[in-house]
Amino acid sequence: MAKLAPYRAKRDFTKTSEPEGKATRRRGSSFVVQKHDASRLHYDFRLELDGVLKSWAVAKGPSLVRGEKRLAVHVEDHPLAYGDFEGSIPAGQYGGGAVLVWDCGSWEPEGDPHKGYSEGRLTFRLDGEKLRGTWHLIRMAKRPRERQESWLLIKADDAYARTEDAPDILEEAPLSVKSGQSIEEIVPDRTAKSTKKPKAPSKGPASSPADKPASSAKRGSAAKAVEASGVTVAGIPLTHPERVLWEEQGLTKQELAEFYVGIAEWLLPHLVNRPLTLIRCPSGAQKKCFVQRHSWAGMNPAIRSTMVPDESGKLEVLTVNDIQGVVALVQSGVLELHVWGATLKDLELPDRLIFDLDPGEGVGWSQVIEGALAIRERLKVLGLESFVKTTGGKGLHVAVPLKPRTNWKDAFDFTRSFAEAMAKEEPDRYTTTSIKNERKGRIFIDYLRNNREASAVAPYSTRSRPGVPVATPIAWEELTPDLKPNGFTVQNLGQRLVALKEDPWGRIAEVDQVLPGVKRPKRSSRRRAPSPPSA
């Protein structure tokens with residue numbers, strides 16, 4: 001509370017729609033730059049640290065010119081919710097004027113950020129829509145009668161830096177990355193709408209874009225974005241729709257969004273209302289990518305944030321309810337969608353287990369197929385039906401659907417014992433160790449996907465790998481050496497789905513089975529640390 005006392009003391013929240021917010025214990029890494037037309041036009045540069053947004057007012061705005069110094073006056077901490085604020089602060093209120101989200105993304109400090117901040121020298125990388133690469137924030141010596149600290153914001157000399165004769169990023173890209181609006185288009189009656197998230201829809205089948213129009217707030221934002229870029233997909237405005245995400249194939253952000261819309265009826269049953277782990281690559285698959293599990297500044301309301309019980313108190317999870325949410329993820333540079341093995345309805349009782357077959361060096365594709373079939377036969381002996389999918393990599397996933405009656409501890413223990421038994425019986429073929437140099441010539445049967453906060457790549461998700469591969473459900477009968485492990489791609493998946501006589505995973509939600517020995521629901525759960533997204 002004390003961190004935000006100066007922020008709150010300066011504002012009358014009965015008159016301004018700025019978020020009152022609160023400091024949190026969340027350890028996030030978001031950044032946001034807001035264009036602010038107050039008494040004079042300036043840019044507010046904010047870095048998430050210790051549950052608040054550390055903030056600097058940059059009078060001339062950030063510059064991409066290497067070595068150019070921009071004065072950044074350190075101002076009061078702002079709540080994380082402020083990173084999504086876009087609207088008009090009433091005249092007479094502190095900072096009265098229009099505010100838009102000019103850029104947002106994530107930041108990564110070099111070294112200890114707390115030490116750098118206290119010593120007045122922060123070096124960090126930005127991954128935003130407009131600002132990327134390495135930057136410095138350096139505190140200047142305090143002058144007499146100076147009430148606020150003066151810092152310098154400086155672009156480092158790297159691949160993203162520009163020369164003095166290059167275009168000014170502020171003039172080149174003046175619009176909001178959230179709504180596509182200009183500073184002149186921000187009006188008071190839009191403020192409340194732009195900061196509120198729509199109510200959760202009723203629990204029913206996922207709607208198609210034609211069945212479910214965007215909210216009025218989204219339509220207003222979308223209309224402005226159309227003027228800015230000319231492109232919306234499923235009611236979601238796209239900034240930089242022409243941005244190439246896979247260089248070799250030339251696949252753009254707009255094409256990826258349209259791909260997902262085209263396969264929505266196949267994708268959504270495996271995605272809706274499941275907590276997500278996301279792989280974001282704002283600059284494309286060949287550039288830096290990072291894992292995102294929590295909300296970020298400027299996140300589209302079509303992406304839902306929910307607080308759920310956790311050992312430490314509360315945990316934020318992200319979900320989507322419809323294809324608009326998926327397109328909003330694409331707009332934010334998400335190239336991979338990974339899902340939990342449970343739904344929001346009951347996070348403590350998994351409804352899907354995963355055996356991830358990850359081949360070590362020297363293991364052929366035919367051996368991976370044999371491993372998947374061996375798992376299938378062993379599961380059959382236990383009375384369990386299973387399904388298989390390619391992962392877009394070198395391996396396979398064997399999925400076991402369950403009625404949600406088993407807690408996470410029992411699910412984890414079952415899959416571990418199952419995998420260890422296979423490795424013990426055929427140690428030359430299988431292993432349960434994740435250490436790469438110890439599994440040469442063997443298949444790692446990864447059972448670690450079956451923890452509460454672990455995830456596996458979602459069916460029909462793209463992968464941030466060469467060739468634009470897609471994780472694809474297949475029928476067991478299709479699992480032959482002629483099938484390529486990464487052969488299904490954005491370019492050819494549509495043809496496959498049109499040609500299919502039936503969905504290979506069409507029955508997965510209908511299978512009525514529980515683990516051997518399970519008689520009644522169990523609610524206790526022993527949570528383990530999340531494992532990284534699947535290979």
Side-chain angles (χ1 to χ4, degrees), residues 206 245-246 248-249 251 255-272 274 276-279 285 320 323 326 329-330 334-341 352-359 365-366 368-373 375-376 385-401 443 446 449 455-509 511 533-535:
L245 300 179
W246 281 268
E248 187 175 346
Q249 288 72 31
L251 190 83
E255 289 171 330
L256 178 59
E258 291 172 344
F259 163 75
Y260 278 132
V261 171
I263 65 166
E265 64 179 304
W266 300 82
L267 168 70
L268 292 177
H270 308 290
L271 198 68
V272 166
R274 289 185 183 272
L276 300 170
T277 296
L278 308 169
I279 305 297
V320 295
I323 196 61
V326 178
L329 291 173
V330 173
V334 172
L335 300 194
E336 296 191 15
L337 310 165
H338 296 250
V339 292
W340 285 26
R352 194 171 295 184
L353 304 182
I354 294 289
F355 290 98
D356 181 359
L357 280 74
D358 187 359
W365 173 234
S366 60
V368 179
I369 293 175
E370 290 171 3
L373 293 172
I375 289 177
R376 183 194 188 196
E385 185 175 357
S386 59
F387 296 76
V388 65
K389 76 170 184 281
T390 64
T391 65
K394 297 179 181 180
L396 289 167
H397 281 180
V398 177
V400 183
I443 297 172
D446 184 358
R449 306 286 140 213
S455 59
V457 66
Y460 303 108
S461 168
T462 56
R463 305 304 301 268
S464 56
R465 301 178 179 187
V468 206
V470 178
T472 305
I474 59 174
W476 282 108
E477 294 73 22
E478 296 180 277
L479 192 56
T480 69
D482 294 332
L483 182 75
K484 294 182 179 180
N486 59 353
F488 296 118
T489 68
V490 165
Q491 289 89 344
N492 64 27
L493 184 69
Q495 298 173 351
R496 165 180 168 77
L497 298 181
V498 169
L500 283 176
K501 295 182 179 179
E502 62 179 356
D503 182 352
W505 280 29
R507 294 180 47 258
I508 196 166
V511 175
S534 57

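Side-chain atoms are counted along with the backbone in the values below, which use heavy atoms only and exclude waters and symmetry mates.
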Is the shortest heavy-atom distance from the side chain of [X] to the side chain of [Y] under 4.5 Å?
{"X": "I474", "Y": "F488", "value": "yes"}
{"X": "L493", "Y": "W266", "value": "no"}
{"X": "T462", "Y": "F259", "value": "yes"}
{"X": "V388", "Y": "E478", "value": "no"}
{"X": "L276", "Y": "L271", "value": "yes"}
{"X": "V398", "Y": "I375", "value": "yes"}
{"X": "V511", "Y": "F387", "value": "yes"}
{"X": "L268", "Y": "V326", "value": "yes"}

Do side-chain atoms of [X] reach the backbone of [Y] as a donor and acceptor pair under 3.5 angstrom?
{"X": "R463", "Y": "T391", "value": "yes"}
{"X": "E336", "Y": "I279", "value": "no"}
{"X": "W476", "Y": "S386", "value": "yes"}
{"X": "W505", "Y": "T472", "value": "no"}
{"X": "N492", "Y": "G487", "value": "yes"}
{"X": "K394", "Y": "V368", "value": "no"}

To the nearest 0.5 Å, what is the distance between [atom1] ([X]) and [atom2] ([Y])?
{"X": "I443", "Y": "D356", "atom1": "CD1", "atom2": "CG", "result": "11.0 Å"}
{"X": "L479", "Y": "T390", "atom1": "CG", "atom2": "OG1", "result": "9.5 Å"}
{"X": "R449", "Y": "H397", "atom1": "CZ", "atom2": "NE2", "result": "6.5 Å"}

Looking only at non-hydrogen atoms, find the nearest pair between [X] and [Y] and report the distance.
{"X": "L357", "Y": "A372", "value": "CD2-N, 3.3 Å"}
{"X": "E385", "Y": "P401", "value": "O-CD, 3.6 Å"}
{"X": "P485", "Y": "G393", "value": "CB-O, 3.4 Å"}
{"X": "L337", "Y": "S461", "value": "N-OG, 2.9 Å"}
{"X": "L256", "Y": "L335", "value": "CD2-CD2, 3.9 Å"}
{"X": "G467", "Y": "T489", "value": "O-CG2, 3.4 Å"}

- Query: Does a sphere of radius 6.0 Å around CD in Q491 hold more than 12 heavy atoms from other residues, nucleotides or ligands, not counting ones at 6.0 Å or beyond?
  - Reply: yes
- Task: Could you give me the CA-CA distance, side-chain angles and deciding distance for V490 and V470, then say whether side chain to side chain contact (heavy atoms under 4.5 Å, CB included) is met?
- Result: CA-CA 7 Å; V490 165; V470 178; 4.1 Å; yes
- Message: In terms of relative ring orientation, are Y460 and H270 parallel, tilted or perpendicular, with 30° and 60° separating the classes?
- Response: tilted
